[in-house]
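Reading through the structure tokens given below for one structure.
Values in this document were obtained by computation on a predicted structure and should not be read as measured data. For reference, positions follow the sequence shown, starting with 1.
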Amino acid sequence: MFPKENSSNGYHNPPPPPPGVGNINSHRERARRGTRRSRASRDSISLRVYDQQQQQQQRAPCTDFDMAYFHSYAHLGIHEEMIKDRVRTETYREAIMRHQSFIAGKVVVDVGCGTGILAIFCAQAGAKRVYAVDASDIALQANEVVKANNLSDVIVVLHGRVEDVEINEQVDVIISEWMGYMLLYESMLGSVITARDRWLKPGGLILPSNATLYMAPVTHCDRYSGSIDFWRNVYGIDSECTTLELR
């Protein structure tokens, strides 16, 4: 799942920072407000410049299904359930710490950050900056968690879709907990790929970078009889045609 060692709604705009604010805060301001740099402006972090009109055309629209999906993750309960899965959460923390040499001093994007726990793990591993992105309103809670842990100078919470938010520098690492039932149920893999194509440096690290889905046929005779055979004779009525939706 993890590589070997060798191997969406617009965040609220804060007021402009006071004079003298450091480089981290200037990155935070640009990420929230969008770029103000001239296209001719180049600096050491190799900003990736986009044609805004073309980018807008390529962005997938935010559908009603998307909004319902984001809303389902807006409440703390579902995140509590996931975080309490110690095998899941501690495996991510272990992977982050195992790859600390790739993360320390680097720029990270957490796709679908939830409460921000993975972003905080990356900050604890020494990341220079972490962009924590989530289109759900849980991003507002993540921002409070970041502040409560005195990490606002490292972690930038972006409330919006990966397709819509702006990060005006290339990143070294993408981390995401994108997996669901049958691996792909969450439909988040597309967002991770979008983040990769928009921001990841050549040779950058993705955690996790690969996964294996194992499938095997099973037979449960009693369940089949109760759910399928039942319809072949319903009080003398042949209703087997209705089982097409069950199969």
Side-chain angles (χ1 to χ4, degrees), residues 8-14 27-37 47-79 82 92 107-120 122 127 129-146 152 155-181 183-201 204-209:
S8 310
N9 293 320
Y11 196 83
H12 59 279
N13 289 332
H27 280 293
R28 180 186 306 277
E29 183 68 14
R30 287 199 301 274
R32 289 176 176 170
R33 290 174 172 265
T35 181
R36 291 183 177 177
R37 292 176 174 267
L47 298 181
R48 186 177 294 180
V49 179
Y50 291 93
D51 183 298
Q52 296 297 325
Q53 183 177 1
Q54 182 180 6
Q55 181 183 2
Q56 188 67 35
Q57 292 174 348
Q58 292 176 346
R59 288 175 181 167
C62 187
T63 65
D64 291 342
F65 175 85
D66 293 332
M67 294 305 298
Y69 176 81
F70 299 147
H71 181 71
S72 71
Y73 281 90
H75 306 288
L76 201 58
I78 190 170
H79 297 278
M82 291 187 291
Y92 268 87
V107 180
V108 180
V109 169
D110 179 1
V111 177
C113 67
T115 59
I117 188 168
L118 300 187
I120 291 175
C122 288
R129 184 161 41 259
V130 183
Y131 294 100
V133 185
D134 205 301
S136 166
D137 285 347
I138 197 65
L140 304 177
Q141 294 293 328
N143 197 47
E144 294 302 313
V145 173
V146 168
S152 297
I155 299 175
V156 182
V157 179
L158 299 175
H159 186 189
R161 298 193 308 158
V162 165
E163 292 83 358
D164 299 329
V165 299
E166 297 296 336
I167 296 175
N168 294 296
E169 60 179 320
Q170 290 185 304
V171 306
D172 304 283
V173 181
I174 293 174
I175 189 164
S176 178
E177 206 288 82
W178 55 267
M179 296 162 288
Y181 300 121
L183 186 64
L184 301 174
Y185 176 78
E186 293 292 329
S187 300
M188 274 189 62
L189 183 56
S191 296
V192 176
I193 292 172
T194 296
R196 179 200 67 186
D197 293 345
R198 292 190 70 188
W199 302 310
L200 189 63
K201 293 179 180 178
L205 180 67
I206 300 178
L207 293 174
S209 62

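- Ile175 is listed as a side-chain neighbour of Cys122, based on a closest heavy-atom distance under 4.5 Å.
- For the pair Leu118 and Asp110, the tightest heavy-atom approach, listed with the atom from each and the gap, is CB-OD2, 3.7 Å.
- Contact annotation: the side chain of Tyr131 never approaches that of Cys113 to less than 4.5 Å [non-hydrogen atoms, C-beta and beyond].
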### Message
Show, in sequence, the C-alpha distance, side-chain angles and deciding distance for Val108 and Val171, and conclude whether the side-chain contact (heavy atoms from CB on, under 4.5 Å) test is met.
### Response
CA-CA 6 Å; Val108 180; Val171 306; over 6 Å; no
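- Val111 pairs by the side chain to side chain contact (heavy atoms under 4.5 Å, CB included) definition with Val109, Val162, Ile174, Ser176, Met188, Ser191, Val192, Ala195, not counting sequence neighbours.
- Using a distance-only test at 3.5 Å, with no hydrogens or angles considered, a donor-acceptor pair links the side chain of Asp134 to the main chain of Gly114.
- Panel note: side chain His159, backbone Ser136; a donor-acceptor pair is recorded below 3.5 Å.
- The distance from the CG atom of Asp172 to the CG atom of Leu205 is 9.5 Å, given to the nearest 0.5 Å.
- The OG1 atom of Thr194 lies 9.5 Å from the CG atom of Leu189; values are rounded to the nearest 0.5 Å.
- Between the side chain of Glu177 and the backbone N or O of Met179, at least one donor-acceptor pair lies under 3.5 Å.
- What you find for Tyr92 and Trp178 is that their closest heavy atoms are OH-N, 4.5 Å.
- Of all the heavy atoms in Ile155 and Ala132, the pair that sits closest is CG2-CB, 4.1 Å.
- Contact record, Ile167 with Trp199: O-NE1, 3.4 Å, taken as the closest heavy-atom pair.
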